[in-house]
Number of protein chains: 2
Amino acid sequence: MERNRIDEKKPRKPAGAALKRPELTQALYRALFEEWAERGYAAISLERVASRAQAGKAAIYRRWPSKLSFCSDAIKETAVPLVETPDCGSLQEDVQAFLVNLRRVLRHPLVRKILPDLEAERARGGEITSVLDHLAAERRARFQDLIDRAVLRGELGQTVDRDLILDTLPAPLYWRMIVRGQNASRTVLQTQASMLAAALREA
Amino acid sequence: MERNRIDEKKPRKPAGAALKRPELTQALYRALFEEWAERGYAAISLERVASRAQAGKAAIYRRWPSKLSFCSDAIKETAVPLVETPDCGSLQEDVQAFLVNLRRVLRHPLVRKILPDLEAERARGGEITSVLDHLAAERRARFQDLIDRAVLRGELGQTVDRDLILDTLPAPLYWRMIVRGQNASRTVLQTQASMLAAALREA
DNA sequence: ATAGGATGAGACGGTAGCGTTCCGACGTTG
DNA sequence: CAACGTCGGAACGCTACCGTCTCATCCTAT
């Protein structure tokens, strides 16, 4: 009876499938993010998203039951391939590699607009708060690895305040690029890495 | 002819005046900020602001021609008495005093919600962007004073990168309190001040 | 070729806020 | 006392979007 005809999400044949065309789903995600960047989460109009994707409103309501689940899926689908922080040999190099990765993310023009909106929505206690909390937890785990390596190398004491480092590492670059809207050259990253390494050793 | 009957903003007699009652104006400001914190700038409903202040919509439109000018006036009126950064004798003490002032501002429950919304609105290029740019310029001037004093004392070299310091000083506390939503104890401020002073000397 | 399912387009009634305008009530001024 | 201006409240027509629904069309699989 081939019951997988209902379950399958990807095309069985090489060409595009007809069951909830995945290309359209991607187009809807893209249109959503554009709308999101322009208006902010609270003011997203699904009508405009649909027309921006040259789709009908029904195409959205067929896939997701609500704006929240639509946006939640869009974030999860997109934010997963995020920053990787491999071991670069020293604290200073680890920090600099992290900054390079962070800059790559913060450079994206849509991220620059959507990220502050997410923070605002979270501060306000909006409905997407839970989604963001989940992402924040993942982000925190990456930091822990970086700090653990530095402690093992003896670059940081075992009593180091991990919570404070969590504030210190990403904050200056975020502030510069997102809050102040400046760009960050390679020399800026290097100087910031030096300053951060010095700050961490002081903690 | 007593032409000041038109100009005067304050009551001539001890009792409340009738011409655009200033108490009502203040009540409207307060209601605006509450609404702002709950919904965000883009979603502010002047109808709700009015009813929250137990006023009629006309009371708002009699005073301001648009939402932008209403909010703009409210911000300017409120944000002017901002942080002061007096000379405390040393870089480390100056930094710590600045952090204490910043914490005082960021602790306010309405500020915690309105500030991220302002950043998001600014990143989006919304209509209040110009108002915020003006405030940012004032804020920057305060930092220049703090750095100038440290250079004069010989604590920082004359070639120090002021732009980077502009990113480094407020970022970690802002990140901790606003983005992460944590509070900041006195020892947190002290440790951050030490870390920041070490970072600045590295710049 | 044909049947079935997704699609784009758009109509529908409902909700919400806009900005304006009117009203009767009130208090201050003269 | 009378005139005036502001007050709260409410109604106005207007626009935008919601979430549902219908329908002709197109594509794919059988």
Side-chain angles (χ1 to χ4, degrees), chain A residues 1-32 35-36 38-71 127, chain B residues 1-32 34-36 38-71 126-127:
Chain A
M1 267 297 256
E2 293 214 345
R3 59 178 299 278
N4 61 352
R5 214 178 50 197
I6 300 178
D7 296 336
E8 71 181 346
K9 297 292 182 183
K10 295 177 181 178
R12 296 203 309 182
K13 296 283 183 166
L19 307 174
K20 300 212 172 172
R21 298 182 346 203
E23 25 152 319
L24 176 56
T25 306
Q26 291 305 313
L28 288 173
Y29 281 153
R30 240 185 308 124
L32 170 65
E35 173 83 4
W36 198 331
E38 275 186 22
R39 311 263 184 163
Y41 175 84
I44 287 175
S45 155
L46 297 187
E47 290 199 350
R48 276 197 301 267
V49 172
S51 88
R52 201 192 285 261
Q54 285 168 307
K57 260 198 296 183
I60 295 180
Y61 285 101
R62 244 176 251 128
R63 288 170 170 76
W64 301 279
S66 68
K67 178 163 96 172
L68 175 59
S69 111
F70 181 18
C71 296
E127 50 184 15
Chain B
M1 270 293 262
E2 294 214 342
R3 58 179 299 279
N4 61 353
R5 210 178 53 201
I6 299 177
D7 296 336
E8 70 179 348
K9 298 291 181 182
K10 295 177 180 179
R12 297 204 310 183
K13 296 284 185 165
L19 308 173
K20 300 213 173 172
R21 300 178 348 200
E23 24 151 322
L24 176 55
T25 305
Q26 292 305 313
L28 288 173
Y29 280 153
R30 243 186 306 121
L32 170 65
E34 288 172 15
E35 173 82 3
W36 199 330
E38 276 187 20
R39 310 263 184 164
Y41 175 83
I44 288 173
S45 155
L46 297 186
E47 289 198 353
R48 276 197 301 266
V49 172
S51 91
R52 201 192 284 260
Q54 286 168 304
K57 258 199 297 183
I60 294 180
Y61 285 102
R62 243 176 252 127
R63 289 170 169 75
W64 301 278
S66 67
K67 180 163 95 172
L68 175 58
S69 114
F70 182 17
C71 295
E127 51 185 15

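What you see below is based on every heavy atom in this structure, not just the backbone, and it leaves out hydrogens, waters and symmetry mates. These numbers come from a predicted model, not from an experiment.
If you check distances only, the side chain of A/K57 does reach the base of D/dG19 with a donor-acceptor pair under 3.5 Å.
The distance from atom CG of B/L32 to atom P of C/dG17 is 15 Å, rounded to the nearest whole Å. A straight line from CD1 of B/I60 to P of C/dT20 spans 13 Å, rounded to a whole angstrom. The separation between B/E23 atom CD and D/dC7 atom P is 9 Å, rounded to whole Å. If you measure from atom CZ of B/R48 to atom C1' of C/dG19, you get 16 Å, rounded to the nearest angstrom. Atom-to-atom, CG of A/L24 to P of C/dA9 comes out at 11 Å; the value is rounded to the nearest Å. Separating the CZ atom of A/R52 from the P atom of C/dA9 is a distance of 15 Å, rounded to the nearest angstrom. One interatomic measurement links the two molecules: CD of A/E47 to P of C/dC12, which rounds to 15 Å at whole-angstrom precision. Atom CZ of A/F70 is separated from atom P of D/dC18 by 11 Å (rounded to the nearest Å).
Across all strands, B/I44 comes closer than 4.0 Å only to sugar-phosphate atoms, never to a base (heavy-atom distances). A/R63 comes within contact range of the sugar-phosphate backbone alone, with a heavy-atom separation under 4.0 Å but no base atom that close.
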Let's go through A/R52 and A/E38 carefully: what are the C-alpha distance in whole Å and the side-chain angles of both, what is the deciding distance for side chain to side chain contact (heavy atoms under 4.5 Å, CB included) to 0.1 Å, and is it a yes or a no? CA-CA 12 Å; A/R52 201 192 285 261; A/E38 275 186 22; 3.3 Å; yes
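The nearest pair of heavy atoms linking A/L32 to A/V49 is N-CG1, 3.8 Å. Across all their heavy atoms, B/A59 and B/A55 have their closest contact at CB-CB, 4.3 Å. The minimum heavy-atom distance between B/R63 and B/L28, with the atom names listed, is CD-CD1, 4.0 Å.
Within the structure, every side-chain polar atom (N or O) of A/R62 is placed at least 4.0 Å from both OP1 and OP2 of C/dA6. Regarding contacts with the backbone of D/dA16, every side-chain N or O of A/S45 stays at 4.0 angstrom or more from both OP1 and OP2.
By the 30° and 60° cut-offs, the orientation of the rings of A/Y41 relative to A/W36 is tilted.
Judged by closest nucleotide on DNA chain D, A/E35 is the one of A/E35 and A/A58 placed further toward the 5' end.
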